[in-house]
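Note sheet for the following structure.
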Amino acid sequence: DSALFNITVNGNGNVIVQDKHQDIEYTQSFHYYEGAEGNNKVFLNRSSGAYIFRPKTSDIKNLTNTGSHKIYKGPLVDEMHITINDWISQVVRVYNKENFLEFNWLVGPIPVGEHIGKEVITKYSSNLKTNKIFYTDSNGREMIKRIRDFRPTWDVKIAEPVSGNYYPVTSKIFINDKKRSLKLSVLTDRSEGGTSLRDGEIELMVHRRLLSDDAFGVGEPLNEEAFGTGLETRGQHYVIGGRASDVSSIVLKEKKLAQKLALRPWTFITPVEDITFEQWS
Amino acid sequence: KNLEEFREAMGIMQHHDAVTGTEKQKVANDYARILYKNMYQGDDIVSSSLSKWILKNKNENSSPVQFHSCLELNISSCTYTEENTNFVVTLYNPQSQPVTTYVRLPVQGQSYSVKDSTGTEQKTQIVPIPTPVINIPGRKSKATVELVFAAIKIPALGYQSYYISENNAAQHVHLSHATINSSM
């Protein structure tokens with residue numbers, strides 16, 4: 001009864017989280033977009049690349065879960081190690097008495113054997129009613145209100161419904177349900193692209209591997225390799241839910257968490273093989 | 001000299017191509033080289049600063065302490081924690097307020113004692129490093145587990161040290177596998 005979270009993994013490898021104290025439920029899942037590949041001769045036929053995110057279609061592709069999961073519990077941290085397939089895995093962590101979840105993802109090398117570039121996203125789908133509104137930060141300063149398919153200063157017609165709604169997320173993206181006074185935030189450990197394409201959802205792009213240049217100047221496809229294969233990337237998302245009515249409390253918690261992610265203590269090691277604790281002390 | 005080169009590297013890294021990753025691959029490789037070299041030199045700067053700071057309160061004959069940073073902690077790899085049975089971890093808090101944080105260190109042993117400077121034993125946990133991380137190409141590490149402990153209230157813009165030693169007998173092992181359960 002005292003547990004803060006109930007966390008389950010379903011048959012698709014998706015993580016289902018019940019934040020028991022905040023009455024928020026969300027599912028975290030991985031998907032990918034296929035990168036558009038054009039001839040780069042006219043603007044509307046440009047490929048997805050280093051400068052632009054342009055998926056071939058608006059549909060996200062689901063992954064087949066061929067992996068497994070294991071749970072490790074201890075006095076300081078409970079962890080769920082989830083392998084989804086050969087190139088996506090993650091650790092979901094709950095530290096003792098902490099009210100947030102850490103998603104520690106590892107993505108790559110993205111397979112491009114069938115010559116299709118992929119842009120991998122992770123999605124947090126909640127039960128919040130958000131009415132097309134979400135918020136992203138601005139270089140870690142103020143939060144900017146974003147409305148899906150809308151621009152505040154002109155009448156916009158979004159031609160590309162996915163990339164047209166993607167915004168930079170320097171360190172934080174959140175949604176809230178005004179009626180229920182609930183808020184769900186995702187804090188990132190690096191700059192990522194993010195959006196909310198459906199009410200209650202937060203989507204963040206975590207890795208990309210593309211096979212064509214986008215003709216914006218770099219002259220190379222975004223296809224980095226190391227050790228003869230595509231790159232692997234490991235990063236973290238902190239997910240925290242809370243009562244939006246309790247503004248000062250949740251803002252303070254999120255601020256502290258964001259600072260923890262961005263300004264972590266520096267770790268230095270000194271080997272002391274021949275020195276006892278008493279001597280060191 | 002080290003500081004000047006570090007500043008130059010940080011200047012180069014503010015170019016918009018370095019920030020967004022829109023540089024050519026060979027330039028990206030060169031940026032990585034510059035960044036690595038200067039992070040490494042930055043290590044020397046921090047090490048000598050911390051050493052002076054620590055020795056300020058000791059007698060003048062004490063020998064300087066060498067502090068090493070581990071640039072591959074993000075892939076759970078660190079030679080100094082893996083290869084040594086006794087080591088000191090010093091955490092510098094760059095924030096202007098005290099911070100409590102969990103520390104994760106890649107190690108090879110199954111049980112460790114972690115003491116703060118007053119000799120108070122800290123609660124620890126050993127957690128396996130996930131197999132996909134162990135198999136990352138280019139990760140040259142013997143660590144298969146991580147030692148976890150909480151560093152409580154590291155002073156603002158200050159440091160806190162912990163003395164860590166491997167226990168011979170497998171005591172206080174908090175490693176537990178619960179692969180049958182599907183919920184946490």
Side-chain angles (χ1 to χ4, degrees), chain A residues 5-9 50-51 68-81 83 87 89-92 94-96 106 109 191 216-220 222-229 232 234-235 256 259-260 263-278 280-281, chain B residues 21-25 28 46-47 50 65-70 73-75 78 80-81 84-95 99 101-103 105 115 117 119 123-125 127-128 130-133 136-138 148-151 154 163 165 174-179 181-184:
Chain A
F5 300 101
N6 186 11
I7 305 166
T8 331
V9 61
Y51 287 90
S68 58
H69 68 276
K70 288 178 180 173
I71 296 165
Y72 302 94
K73 290 185 175 185
L76 298 176
V77 61
D78 286 357
E79 297 194 352
M80 188 185 273
H81 295 196
T83 304
W87 52 283
S89 62
Q90 69 174 337
V91 179
V92 183
V94 189
Y95 284 103
N96 188 25
L106 177 70
S191 300
F216 272 102
V218 70
E220 288 176 3
L222 188 70
N223 183 12
E224 289 176 276
E225 290 193 347
F227 304 100
T229 182
E232 288 186 56
R234 193 184 193 194
K256 279 192 170 176
Q259 284 173 338
K260 264 190 180 179
L263 295 166
R264 294 168 201 238
W266 304 351
T267 308
F268 297 95
I269 316 292
T270 308
V272 286
E273 283 302 306
D274 303 324
I275 303 170
T276 62
F277 170 76
E278 286 69 28
W280 170 73
S281 182
Chain B
T22 45
E23 72 281 60
K24 282 185 185 291
Q25 191 56 48
V46 176
S47 183
L50 272 173
V65 188
Q66 189 64 42
F67 298 91
H68 303 280
S69 64
C70 290
L73 272 178
N74 65 324
I75 52 167
C78 175
Y80 303 106
T81 56
N84 293 291
T85 50
N86 290 348
F87 54 90
V88 171
V89 171
T90 303
L91 301 160
Y92 173 76
N93 173 16
Q95 291 190 49
V99 158
T101 189
Y102 284 95
V103 181
L105 301 168
K115 288 177 184 166
S117 56
K123 199 183 267 187
T124 65
Q125 187 177 340
V127 184
T131 315
V133 176
I136 288 175
V148 184
F149 67 94
I154 310 168
Y163 183 93
S165 54
H174 296 296
L175 177 70
S176 64
H177 292 225
T179 53
N181 293 345
S182 64
S183 68
M184 182 158 84

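In what follows, chains are A, B, ... by sequence order, proteins preceding strands, each numbered from 1.
Both the backbone and the side chain of B:Tyr163 come within less than 4.5 Å of a heavy atom in chain A. For B:Gln25, the parts lying near chain A are the backbone and the side chain together; criterion is any non-hydrogen pair under 4.5 Å. Only the side chain of A:Val91 comes within less than 4.5 Å of a heavy atom in chain B; its backbone stays farther off. Contact of A:Asp274 with chain B is not made at all, since no heavy-atom distance falls under 4.5 Å. The parts of A:Phe277 that come within reach of chain B are both its backbone and its side chain, each placing non-hydrogen atoms under 4.5 angstrom from that chain. Heavy-atom distances place both the backbone and the side chain of A:Thr267 under 4.5 Å from chain B.
Top candidate by heavy-atom pairs under 4.5 Å with chain A, chosen from B:Gly119, B:Ser69, B:Pro94, B:Ala150, is B:Pro94. In terms of heavy-atom pairs under 4.5 Å with chain A, the best-connected choice from B:His68, B:Lys115, B:Gln66 is B:His68. Contacts with chain B were tallied for A:Gln259, A:Lys256, A:Arg264; A:Gln259 has the most, counting heavy-atom pairs under 4.5 Å. Put simply, of B:Val148, B:Thr90, B:Val88, B:Asn84, the one with the most heavy-atom pairs under 4.5 Å next to chain A is B:Val88. Heavy-atom pairs under 4.5 Å with chain B peak, among A:Ile275, A:Thr229, A:Thr83, at A:Ile275. Comparing B:Leu91, B:Thr101, B:Leu105 by heavy-atom pairs within less than 4.5 Å of chain A, the highest count is held by B:Leu91. Of the listed residues A:Glu273, A:Glu278, A:Glu224, the one with more heavy-atom pairs under 4.5 angstrom with chain B than any other is A:Glu273. Per-residue counts of heavy-atom pairs under 4.5 Å with chain A were compared for B:Val133, B:Thr131, B:Ile154; the largest is that of B:Val133.
Nearest heavy-atom pair across B:Tyr80 and A:Pro271 is CD2-CG, 4.1 Å. Nearest heavy-atom pair, A:Ile269 versus B:Thr81, reported as atom, atom and distance to 0.1 Å: CD1-CG2, 3.6 Å. Considering all non-hydrogen atoms of both residues, B:Gly21 and A:Leu222 come closest at O-CD1, 4.3 Å. In terms of heavy-atom proximity, B:Gln125 sits nearest to A:Gly74 at NE2-CA, 3.2 Å.
Tested against B:Pro130 for a side-chain contact (heavy atoms from CB on, under 4.5 Å), the candidates A:Gln90, A:His81, A:Glu79 yield a single pass: A:His81.
Looking only at distances, no side-chain donor or acceptor of A:Glu232 sits under 3.5 Å from a matching main-chain atom of B:Ile136.
The shortest side-chain heavy-atom distance between A:Val77 and B:Tyr102 does not fall under the 4.5 Å cut-off.
Under the 30°/60° scheme for interplanar angles, the aromatic rings of A:Phe268 and B:Phe67 are found to stand perpendicular.
Separating the SG atom in B:Cys70 from the CH2 atom in A:Trp266 is a distance of 15.0 Å, to the nearest 0.5 Å.
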- [ ] Evaluate the side chain to side chain contact (heavy atoms under 4.5 Å, CB included) criterion for residues B:Gln95 and A:Leu263: first the C-alpha distance (whole Å), next the side-chain angles of each, then the deciding distance (0.1 Å), finally the verdict.
- [x] CA-CA 7 Å; B:Gln95 291 190 49; A:Leu263 295 166; 3.8 Å; yes
